[in-house]
Amino acid sequence: MLDPKFIRNHLEEAAAILAKRGVTLDVEKISAVEERRKKIQTHCENLQQESKTRAKNIGAIKAKGGDIEPLLKEVGDLKQQLTQAEADLAAVQQEWESLLSSIPNFPADEVPVGKDENDNVEIRRWGTPRTFDFPIKDHVDLGADLAQLDFEVAGKITGSRFAVMKSSLARLHRALIQFMLDTHTSEHGYQEVYVPYMVNKDSLFGTGQLPKFEEDLFKLQDEREFYLIPTAEVPVTNLLRDEIVDEKVLPLKFTCHTPCFRSEAGSYGRDTRGMIRQHQFEKVELVQFVRPEDSEQALETLTSHAETILQKLGLPYRTVVLCTGDMGFSSAKTYDIEVWLPSQNKYREISSCSNFRDFQARRMKARYRSAATGKPELLHTLNGSGLAVGRTLLAIMENYQQADGSIEIPAVLRPYMGNLEVIRRA
RNA sequence: GGAGAGGUGGCCGAGUGGCCGAAGGCGCUCCCCUGCUAAGGGAGUAUACCCUAAACCGGUAUCGGGGGUUCGAAUCCCCCCCUCUCCGCCA
C-alpha cells in the first residue's frame with residue numbers, strides 16, 4: 001500500500017509516477033471519495049464527542065443523586081444520528097481502503113520505463129553457455145530416458161503440471177535444497193525458518209497477493225478460508241506483521257524452503273512441456289527486513305546471494321532489471337536472474353529479487369523502533385528466490401547432459417549425493 | 001473430539017459497569033547523585049486516524065476479532081480465533 005497522505009496531498013504526482021507502470025489512477029474518483037471521507041469523519045467524530053461528554057455527565061449527575069431523565073431523552077436522538085454517521089464512515093473508509101489497496105507500488109526512479117518483458121534491461125552476464133558436439137535433449141527427454149522423471153504418472157495421480165521424480169534425480173532435487181539452504185545460512189548470514197504452507201487472508205493481503213490476485217492461488221475448501229502458499233514470501237514476510245522490532249536487530253535475514261502452489265490460471269498453453277511451470281514446485285526463498293536507508297543496497301546483495309548459487313553450480317545466467325511495465329504489483333524494483341537453457345537456446349527466469357520498500361510493511365504494519373526518533377517506522381522488505389529448485393534441477397540436467405544421456409553432477413552437490421558423480425539409467 | 005483456564009501497552013501484570021488509555025513492575029530515554037563500576041533519587045515513555053503547511057494543542061478510535069445489551073463496556077451477553085492444562089485419538 002502506498003502512503004495515503006502522499007496520495008492525498010500529491011495526487012497528480014502519484015498519477016504521473018504510476019503512469020510509468022501503465023497504470024491509470026482514477027484521480028477524480030479518489031479525490032471525490034477523499035472529500036466525502038473528510039466530511040463524514042469530522043461529522044462522525046463530533047457526534048461521538050458529544051455523546052461521550054453526555055454519558056459522562058449522566059454518570060456525574062447520577063452519582064450526586066440528581067435527575068437524569070431529561071438527559072436520557074436528549075441522548076436518544078443523538079444516538080440515532082451517531083449510528084447512521086458511523087455506518088457512513090465505515091462505508092466510505094472501506095471504499096477508500098479498497099481504492100488504495102489496489103494501487104501498485106511506485107517504481108524506483110532508476111527503473112527503466114517500458115511496457116513488457118521486451119523492455120527489460122540486461123545488467124550483467126555470468127558464464128558461457130556450453131557448446132555441445134552431440135544432439136542435445138531437453139530435460140523432459142533426458143528424464144524419461146533415465147526413467148527418473150515422469151509427467152504421465154503425475155498426470156494420472158493428479159493432473160497436468162505436476163511431476164514425479166525418482167532415484168538419483170529425486171535425490172538431486174533434495175540435494176539442491178540442502179545446498180541452497182546451507183549456503184545461505186553459513187555463507188550469507190540468513191536464519192533458516194520453517195513455516196506453514198497454508199496461510200490466512202490477512203497474510204496474503206500483507207504481501208499483496210490479495211485482494212487483486214486471488215485467481216493465482218489455491219484456496220482450501222474450508223470455512224477457515226486458508227490458501228496454499230504461492231511462495232514462502234507470504235509466510236516469511238508475515239513473520240513481522242503487526243510487530244514492532246528494535247532497530248538493533250536489523251537487518252533481519254531469513255531463508256526458507258517451501259513448496260509453492262500456483263494455479264497458473266491464465267497461462268494455458270504456456271510452458272506446457274516439462275517442469276518449467278508447475279502447480280507445485282519447491283523454492284528456497286530469501287527474505288530481508290531492513291531500515292529504509294538500507295534497502296537499495298540490500299537488493300544488490302540479496303540478488304548477489306541468489307547469483308552465488310548459480311555460480312557455484314556452474315550454470316550460466318544473466319541478470320536483468322525489470323521495466324516498469326513488467327514488475328510485480330508490490331515491487332519498487334525487481335531483478336530477474338535468468339539461467340541458460342540449452343534446449344530453448346535462451347535464458348529463462350530462475351529467480352526474482354525485489355525491493356518492496358515500505359509497500360508490504362504498510363499493509364502488514366511491520367515496523368521498527370527508530371533509535372533516532374524513538375518512534376515506530378515502517379520497515380522495508382525484500383525477497384528473492386534463491387533459487388527455484390525445479391528450474392535449477394532442469395537447468396542442471398540440460399547444461400550437464402552428456403552424449404550418452406547421463407548427467408554429470410556439479411561438484412558442489414556431490415557431497416549431498418553420496419559422492420555420486422554421474423546420474424545414469426539404473 | 002471432551003472438560004477447564006486464559007488472551008490487557010515493547011515485556012510482565014492489576015483491573016467485574018462511569019473517577020480507566022488503563023495501577024504496579026521490568027525495559028527504554030533524559031536529569032541528579034556517585035572518583036570508576038554497581039547501587040540510588042527524579043521526570044518521561046502505547047498505537048492508528050482526524051485536525052494542521054508542519055509541530056504543539058485538540059479530537060476520535062483501540063484492552064484477541066466480530067456482533068449485542070446500556071445514557072455509558074477492558075469489565076455484562078452471543079459468535080469466532082488463538083494460547084495453556086487435563087482426558088481421548090493420532091504422524
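Here is the naming used below: chain letters follow the sequence lines, and residue numbers restart at 1 for every chain. Keep in mind it's a predicted model, so treat the numbers as computed, not measured.
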Does either side chain, that of Thr255(A) or that of Glu285(A), offer a donor lying less than 3.5 Å from an acceptor on the other one?
no
Separation of atom CG in Leu240(A) from atom C1' in G10(B), rounded to whole Å:
14 Å
Applying a 3.5 Å limit to both distances, which nucleotide forms a Watson-Crick or G-U wobble pair with A14(B)?
none
Any strand is fair game: report the nucleotide pairing with U62(B) by Watson-Crick or G-U wobble, both distances under 3.5 Å, or none.
A46(B)
Rounded distance in Å between the P positions of U8(B) and U75(B)
14 Å
Just the rounded figure in Å: distance from P of G9(B) to CZ of Arg367(A).
13 Å
In the strands shown, is A54(B) matched to any nucleotide by a Watson-Crick or G-U wobble pair with both distances under 3.5 Å, and which?
none
Quantified in whole Å, what is the C1' atom distance between nucleotide G27(B) and nucleotide C20(B)?
23 Å
For Arg369(A) and U45(B), is the shortest distance between a side-chain N/O and OP1 or OP2 below 4.0 Å?
no
Rounded to the nearest angstrom, tell me the gap between atom NZ in Lys375(A) and atom C1' in G44(B).
12 Å
Is a salt bridge present between Glu264(A) and Arg161(A), judged by a nitrogen-to-oxygen distance below 4.0 Å?
no
Pairwise P distance, G24(B) and A43(B) [rounded to whole Å]
11 Å
Distance between C1' atoms of A5(B) and G10(B) (Å, rounded):
26 Å
Solution key, residues 384-394 of chain A side-chain donor-acceptor pairs under 3.5 Å, sequence neighbours excluded:
residue: Ser385(A); atom: OG; partner: Ser352(A); partner atom: N; Å: 3.1
residue: Arg391(A); atom: NE; partner: Ile276(A); partner atom: O; Å: 2.9
residue: Arg391(A); atom: NH1; partner: Glu349(A); partner atom: O; Å: 2.9
residue: Arg391(A); atom: NH2; partner: Ile276(A); partner atom: O; Å: 3.0
residue: Thr392(A); atom: OG1; partner: Ala388(A); partner atom: O; Å: 2.5

Would you kindly give the NZ-to-P distance between Lys56(A) and G17(B), to the nearest whole Å?
18 Å
Using the P atom as the reference point in each nucleotide, state the distance between G25(B) and G42(B) in Å, no decimals.
10 Å
Separation of atom CD1 in Ile244(A) from atom P in C28(B), rounded to whole Å:
17 Å
Given atom CD of Glu97(A) and atom C1' of A48(B), what is their separation to the nearest angstrom?
12 Å
Taking the C1' atom of each, how far is G17(B) from C71(B), in whole Å?
12 Å
Nucleotide opposite G40(B) in a Watson-Crick or G-U pair, distances under 3.5 Å:
C32(B)
Look through every strand shown and name the nucleotide pairing with U75(B) as Watson-Crick or G-U wobble, where both distances are under 3.5 Å.
none
What does nucleotides 49-65 of chain B look like as a protein-contact string, B for base, S for sugar-phosphate only, - for none, at under 4.0 angstrom between heavy atoms?
SSS-------BSS----
Is it the case that the ring center of His279(A) lies less than 6.0 angstrom away from the ring center of Phe162(A)?
yes
Atom CD1 of Ile61(A) and atom C1' of C19(B): how far apart are they, to the nearest Å?
15 Å
Can we say Arg21(A) and Asp326(A) salt-bridge, meaning some charged N sits less than 4.0 Å from an Asp/Glu carboxylate O?
no
C49(B) versus C56(B) - spacing of their P atoms, nearest Å:
13 Å
Between C81(B) and C89(B), how far apart are the P atoms? Round to whole Å, please.
25 Å
Quick one about Asp88(A) and Gln84(A) (side-chain donor to acceptor, distance below 3.5 Å, no hydrogens or angles considered), yes or no?
yes
Centroid-centroid distance, Phe329(A) to Phe213(A), less than 6.0 Å:
yes
Could you check how far NZ of Lys248(A) sits from P of U29(B), rounded to whole Å?
7 Å
With a 3.5 Å limit on both atom pairs, tell me what G6(B) is paired to, counting Watson-Crick and G-U wobble, or say none.
C82(B)
What pairs of residues pass the side chain to side chain donor-acceptor pair (under 3.5 Å) test when at least one of them lies in residues 101-113 of chain A, not counting sequence neighbours?
Glu110(A)-Lys333(A)
